[in-house]
Amino acid sequence: MATFAAPKGIPEYYPPTSAAFIAVRDTLLRACALAGYGYIELPVFEETALYARGVGESTDVVTKEMYTFADRGDRSVTLRPEGTAGVVRSVIEHGLDRGQLPVKLCYAGPFFRYEQPQAGRYRQLQQVGIEAIGVDDPALDAEVIAVADAGYRAVGLTGYRLELTSLGDENCRPAYRALLQEFLRKLPLDDATRQRAELNPLRVLDDKRPEVRALLADVPLMVDHLCAECREHFDRVKGYLTELGVKFAENPRMVRGLDYYTRTTFEFVHDGLGAQSGIGGGGRYDRLMAELGGEPRSGIGFGLGVDRVLLSLQAEGTSIGDTASCDVYLVPLGDAAKARLVVVAGALRSAGVRVDLAYGGKGLKGMMRGADRSGARCTVVLGERDLADGTAQLKDMVTGEQRTVPLADLVSAVEHAVGDGSA
RNA sequence: GUGGGUGUAGCUCAGUCGGUAGAGCACUGGGUUGUGGUCCCAGGUGUCGCGGGUUCAAUUCCCGUCACUCACCCCA
């Protein structure tokens, strides 16, 4: 009998670890909500041209990493490789930028890139992201970065750092690009790198090979060739971050893989992860709205990798999320007791208490073991003797203390026990 | 797409210098016929990734292949 396996490179989260996944995703989303970002749920696939034009024709993401296929109507569609293009498309399509600006949106979900999987790099990756469109105030750049930082701290991460730079804009980048190319052409580079220098020269700055790094010792840097406007914008972003207490380091050689970035660009890095050390990143994309056919509005946002945050937490030895499957575990001895506890379970669930019940024909010891494994704070044991007395046994699983409560008061007694942590 | 590593029980792995295999964890029951966590006892499962070669005999050696994994590239 042939068996099935999940597609290559796709992580799955099931209990008990799914609790941490949910907790990280929701905590990051909470950080976004705290700053006024409204949730947007987007299609998981879009017209291929949206990404080709939005992300950039020359990027690796577009040229070799997209899940592209023809639908039954022979339209070319692509599983979303990132979130920003879809958000911007939706903003334009629904005129979300006609109201008060900036439009502030956040999202969460799976993204897809056809890459060779390795530690921390998956073909289906989970991101939480935000986009703020329509205002180019440097205070907004600082806010976006601070929201990411707050999110990481809220999930309990400590060992990460923030790298920051400015990529300039359409006024100063073309001149710098030409300057950089001129510099690179004089270097003894291999063919592949030479080709990259012509196509996307900024990408060469990111080369990790020591011999290439050595050649680049005196390479001209964008931050030294920013126009006055970009210079001031960048300085003010840094000023706001300092006032916010968000620590950062300038990395003038930072390169992002998506073409739409302008001006402020940042990346959060965690050193406990191995080769794939970026746990989140983003930046400003002041030309994307116009590029995709909308009003020429600025924008800035980030994408945070939920999978990599989970790996980072693991590397730090930190845990997050409640792995207990219920608050109360009900243990019936006999059919009459079970009939009664099934009803109690329903009543408790209506009251918002997480309840599980021992099913199957296990002995008391086995059912109590089930109670222990469930992580429940307390257990209700109901047998024939209790039933005859009109009572039940309520046991605190931490202290081991057990007391008798009238069946009539059971629901409120359990609510109380679960609420204040003592039976 | 290119390299290295690894494929043995549900999981983590040991092992067989060639004679068809074990431990821990997990699970179930019992010790305790109405009480979990610690302890003790008992219980089961494997086409040893797949295909071929050498051999009396291959899970072991050889070749191929697939999968997983780490890394390059790139990114979350």
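Since the structure is predicted, the reported quantities are computational estimates derived from the model, not experimental observations. Numbered from 1 within each chain, the chains take letters A, B, ... in sequence-line order.
Residue contacts shown for A/F111 are absent, as no nucleic acid heavy atom lies under 4.0 Å away. Among the atoms of the strands shown, base atoms are found under 4.0 Å from some heavy atom of A/G400. Among the atoms of the strands shown, only primed sugar atoms or phosphate atoms (P, OP1, OP2) are found under 4.0 Å from some heavy atom of A/G280. When heavy atoms are screened at a 4.0 angstrom cut-off, A/Q116 is found touching base atoms of the nucleic acid.
A salt bridge (charged side-chain N to carboxylate O under 4.0 Å, His left out) with A/E115 holds for exactly one of A/K8, A/R123, A/R121; it is A/R121.
Rounded to whole Å, the separation between the P atoms of B/rC68 and B/rG31 comes to 47 Å. Comparing B/rA9 with B/rA21, their P atoms sit 14 Å apart, to the nearest whole Å. Taking atom P in both B/rG46 and B/rU8, the straight-line distance is 15 Å, to the nearest Å. Nucleotides B/rC56 and B/rG51 are separated by 22 Å at their P atoms, to the nearest Å. Taking atom C1' in both B/rC11 and B/rG53, one finds a spacing of 34 Å when rounded to whole Å. Going from the C1' atom of B/rG18 to that of B/rU60 covers 6 Å, rounded to whole Å. When the P atom is compared between B/rG7 and B/rC48, the two are found 15 Å apart, to the nearest whole Å.
Distance from the side chain of A/V381 is smallest to B/rU35 among B/rU35, B/rA76, B/rG31. For A/K64, the side-chain atoms get nearest to B/rC73 when compared with the rest of B/rG30, B/rC73, B/rA26. Listed nucleotides B/rU28, B/rG34, B/rC74 differ in distance to A/R203; the shortest reach to its side chain belongs to B/rC74.
Defined by atom type and a distance below 3.5 Å, a donor-acceptor pair is missing between the side-chain atoms of A/Q402 and A/D396. No side-chain N or O of A/E57 forms a donor-acceptor pair with one of A/T63 less than 3.5 Å apart. Side-chain contact annotation: A/T84 with A/E131, donor-acceptor N/O pair under 3.5 Å present.
For B/rC27, one of the phosphate oxygens OP1 or OP2 lies less than 4.0 angstrom from a side-chain nitrogen or oxygen of A/R373.
Within the structure, side chain to side chain donor-acceptor pair (under 3.5 Å) pairs that include any residue of residues 21-41 of chain A comprise A/Y37-A/E143, A/Y39-A/E41 (at least two apart or interchain).
For the pair A/L382 CG and B/rG34 P, the interatomic distance rounds to 14 Å; values are reported in whole Å. Atoms CE (A/M368) and C1' (B/rU28) sit 18 Å apart, rounded to a whole Å.
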Pairing annotation in dot-bracket form, given for RNA chain B with Watson-Crick or G-U pairs under 3.5 Å and | for cross-strand partners
(((((((..((((.....[..)))).(((((.......))))).....(((((..]....))))))))))))....
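The shortest distance between side-chain heavy atoms of A/R284 and A/Y261 does not fall below 4.5 Å. A/E384 has its side chain out of reach of A/L333: every pair of non-hydrogen atoms, C-beta onward, lies at least 4.5 Å apart.
One donor-acceptor pair, N or O on each side, does fall under 3.5 Å between the base of B/rA76 and the side chain of A/R113. Looking at A/K395, its side chain has no donor and acceptor atom pair within 3.5 Å of the base of B/rG34.
Scanning for ring-ring contact (aromatic ring centres under 6.0 Å, His included) contacts around A/F111 gives A/Y107, with sequence neighbours left out.
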